[in-house]
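The next block holds one structure in the form of structure tokens; read it before the comments.
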Amino acid sequence: MDLFSFEYNEGQEQKQTPQPLAARMRPKTIHEFIGQEHIVGEGKLLRRAIEADQISSLIFYGPPGTGKTTLAKVIAGTTKTFFTELNAVTAGVADIRKVIEQAKDRYLLHRQRTTLFIDEIHRFNKSQQDALLPFVEEGTIILIGATTENPFFEVNAALLSRSQIFQLESLTFDDLSKVLHAALQWGHRMFETSLLL
């Protein structure tokens, strides 16, 4: 065993699929999340909503590397809703419609709601964003959008009015020190595990 993850496919040989360190040690719970104390610190609104699994539609915006996708993944690991994701760079209206139809079926058959995470939501044009609106409005999906752009200029005003908006800030020196310490601890654990195998 090494520090890379592996992918298993039935009937095929094991394939090594290296991932970036950040992906391999991505926080899985809100307690592991570093930074953004102004929105996820103890007692803050978003933290309480995540811990209570009472998420409404959200828009995260801020510079790259501030934890927008990681926060969405933390929510994915916490919520009892079905979590699915699209990247606005590669997805189109057909992809949105497919997710919506599956969400409707899921709720009809299992009474389970769907959370849809859209990375780089600002890349969706007006018609693509408009396609989401009725389903966010009626509660078919809970939308989590992430963007590096100011959503007040790049995201449909009707979607914004139905979402809570959170600005993520660049990590502080103290935050980066904690991240580095966590990475070193993680690497040490992986090294010790590899010695046991």
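Everything quoted here is computed from the prediction, not taken from an experiment.
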- Query: Salt-bridged, E32 to K28, with N to O below 4.0 Å?
  - Reply: no
- Work out which heavy atom in T148 is nearest to a heavy atom in P63; give both atom names and the distance. CG2-C, 4.4 Å
- Task: Look at E138 together with K104 and state whether they make a salt bridge at an N to O cut-off of under 4.0 Å.
- Result: no
- Item | Where P151 and I165 come nearest, the two heavy atoms and their spacing | CG-CG2, 4.1 Å
- Can a donor-acceptor pair be found between the side chains of R26 and T70 at a distance below 3.5 Å? yes
- Which value, rounded to the nearest 0.5 Å, describes the distance between E137 atom CD and S161 atom OG? 8.0 Å
- Salt-bridge test for E101 and K98: reply yes if a basic N is under 4.0 Å from a carboxylate O, no otherwise. no
- Considering all heavy atoms, the nearest L133-R162 contact: CD1-CD, 3.8 Å
- Given E85 and K73, is the salt bridge (Lys or Arg N to Asp or Glu O under 4.0 Å) satisfied, shown in steps? CA-CA 10 Å; E85 57 188 292; K73 300 282 188 181; 2.7 Å; yes
- Can you tell me if D95 uses its side chain to pair, donor with acceptor, with the backbone of G92 under 3.5 Å? yes
- Query: Quick one: which of T66, L58, I30 gives a side-chain contact (heavy atoms from CB on, under 4.5 Å) with L71?
  - Reply: I30
- Query: Is the F117 ring parallel, tilted or perpendicular to the F83 ring (thresholds 30°, 60°)?
  - Reply: parallel
- Query: Can you find a pair of side-chain heavy atoms, one from T114 and one from T140, that are under 4.5 Å apart?
  - Reply: no
- Task: Please test I96 against L132 for side-chain contact (heavy atoms from CB on, under 4.5 Å), starting from the C-alpha separation and ending with a verdict.
- Result: CA-CA 7 Å; I96 296 170; L132 290 165; 3.7 Å; yes
- Query: How close do Q167 and H38 get, heavy atom to heavy atom, and via which atoms?
  - Reply: O-NE2, 2.9 Å
- Between the main-chain N or O of E149 and the side-chain N or O of T147, is there a donor-acceptor pair closer than 3.5 Å? yes
- Query: Do L116 and I142 have side chains that get closer than 4.5 Å, going by heavy atoms?
  - Reply: no
- Message: Check whether Q129 reaches the backbone of E154 with its side chain - one donor and one acceptor, N or O, closer than 3.5 Å.
- Response: yes
- Sub-4.5 Å side-chain heavy-atom contact between H31 and E51: yes
